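Both backbone and side-chain heavy atoms feed into the values below; hydrogens, waters and symmetry mates do not. This one's a predicted model, so the numbers in the text were calculated from it and none came from an experiment. Note that ligands are numbered from 1 as they come in the structure, with each ligand's atoms numbered from 1 the same way.
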Amino acid sequence: MSGTESVVVDHATKNFTLRYHRTFKQMTVAAVRRENISDTFRAVDDVSFTIEQGESVALMGLNGSGKSTLLKLINGVMRPESGSVLTRGRIAGLIATGAGFHPQLTGRENVFLNAAVMGMSEAETRRKFDDIAEFAELGKFLDSPVGHYSSGMSARLGFSVAIHVDSDIFLADEVLAVGDKPFKEKCIERMQEIRKSGRTLIYVSHAPGTVRKMCDRVIVLEKGRVGFDGGTIAGIRYVKYEDERLDEEQIEDDEIGADI
Ligand SMILES: Nc1ncnc2c1ncn2[C@@H]1O[C@H](COP(=O)(O)OP(=O)(O)OP(=O)(O)O)[C@@H](O)[C@H]1O
Ligand SMILES: [Mg+2]
């Protein structure tokens with residue numbers, strides 16, 4: 001990795017095993033009949049790209065195209081079968097709503113647990129706790145078990161902890177999909193701050209409007225492969241959102257023309 005590189009993904013491939021038969025009896029019957037009882041599925045297929053420090057990149061593509069899996073490879077919770085994924089510095093963010101939370105512990109307890117997992121000391125968490133709680137806006141639910149939270153509530157708490165970690169790379173997946181409008185706006189504002197502070201941002205999204213506002217590059221995954229890697233407007237065009245959706249986001253023709 002050279003001095004300014006933040007994330008280097010080099011021919012990374014990640015396979016999953018799909019099992020067709022669930023019970024022992026079904027598997028035995030399948031084995032006798034010489035049917036396949038499992039199959040491997042390539043979720044990330046020979047993906048390569050380099051992200052420079054301070055870049056803000058949107059990861060787009062259809063459901064199941066491998067975006068979350070790729071984020072997990074970058075975050076380090078999964079390893080590629082072949083190829084490599086190198087990152088520089090501390091990584092924070094929300095890769096799945098409720099990831100890393102313990103359902104039986106309260107929101108308050110989970111803040112400490114989650115912060116520790118992300119590498120924050122107890123003293124640092126204690127210092128930032130009021131800010132974290134304020135941003136999450138959970139009120140009295142902060143002292144109820146996270147298992148009873150709605151998905152939006154867990155996303156709020158997870159996102160709030162993540163933005164309070166001093167990280168070099170910030171990953172965001174799903175959070176904006178489950179957050180309500182006021183929370184979404186707050187998240188976008190925070191992510192803009194992260195971007196302006198020169199940290200690297202990787203943001204998974206299906207929303208052309210926010211991608212355009214927040215990112216300077218789009219990578220589109222198609223069945224686990226990189227289908228497009230380039231400018232924001234061209235990237236949004238590439239994913240071929242229906243015209244009415246583009247209208248809704250008010251992307252003006254002039255603006256699109258200017259970027260291509
Ligand atoms: N742990 C797993 N075991 C088996 N298959 C998995 C696993 N995780 C993901 N997959 C499969 O890998 C493919 C890519 O999934 P992934 O979650 O990365 O997609 P995505 O692009 O994030 O989709 P979405 O837009 O719906 O969030 C899917 O077909 C999914 O079923
Ligand atoms: Mg996903």
Nearest non-hydrogen protein atom, [atom]:
atom: atom 3 (N) of ligand 1; result: Phe16 CD2, 3.5 Å
atom: atom 14 (C) of ligand 1; result: Gly64 O, 3.3 Å
atom: atom 29 (O) of ligand 1; result: Phe41 CE2, 3.4 Å
atom: atom 15 (O) of ligand 1; result: Thr69 OG1, 3.7 Å
atom: atom 12 (O) of ligand 1; result: Ala43 CB, 3.4 Å
atom: atom 26 (O) of ligand 1; result: Asn63 ND2, 3.0 Å
atom: atom 25 (O) of ligand 1; result: Lys67 NZ, 2.7 Å

Nearest protein heavy atom to atom 31 (O) of ligand 1: under 4.0 Å?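 No; the ligand atom in question lacks any protein heavy-atom contact below 4.0 Å.
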Please confirm whether the ring centroid of Tyr149 lies under 6.0 Å from the ring centroid of Phe101.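 Aromatic pair excluded; centres sit 6.0 Å or further apart.
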Does Thr69 put an N, O or S atom under 2.8 Å from the Mg ion (ligand 2)?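 No N, O or S atom of Thr69 is closer than 2.8 Å to the Mg ion (ligand 2), so no.
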Under a 4.0 Å heavy-atom limit, does Val44 contact ligand 1 with its side chain, its backbone, both, or neither?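 Looking at Val44 and ligand 1, no heavy atom falls under 4.0 Å.
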How many angstroms lie between CD in Glu5 and CD in Glu55, if you round to the nearest 0.5 Å?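 One finds 10.5 Å between CD of Glu5 and CD of Glu55.
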Between Asp216 and Arg195, does any side-chain N to carboxylate O distance fall below 4.0 Å?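 Between Arg195 and Asp216 there is a salt bridge, with a charged N closer than 4.0 Å to a carboxylate O.
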Can you tell whether the side chains of Lys128 and Asp166 come within less than 4.0 Å, N to carboxylate O?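 Between Asp166 and Lys128 there is a salt bridge, with a charged N closer than 4.0 Å to a carboxylate O.
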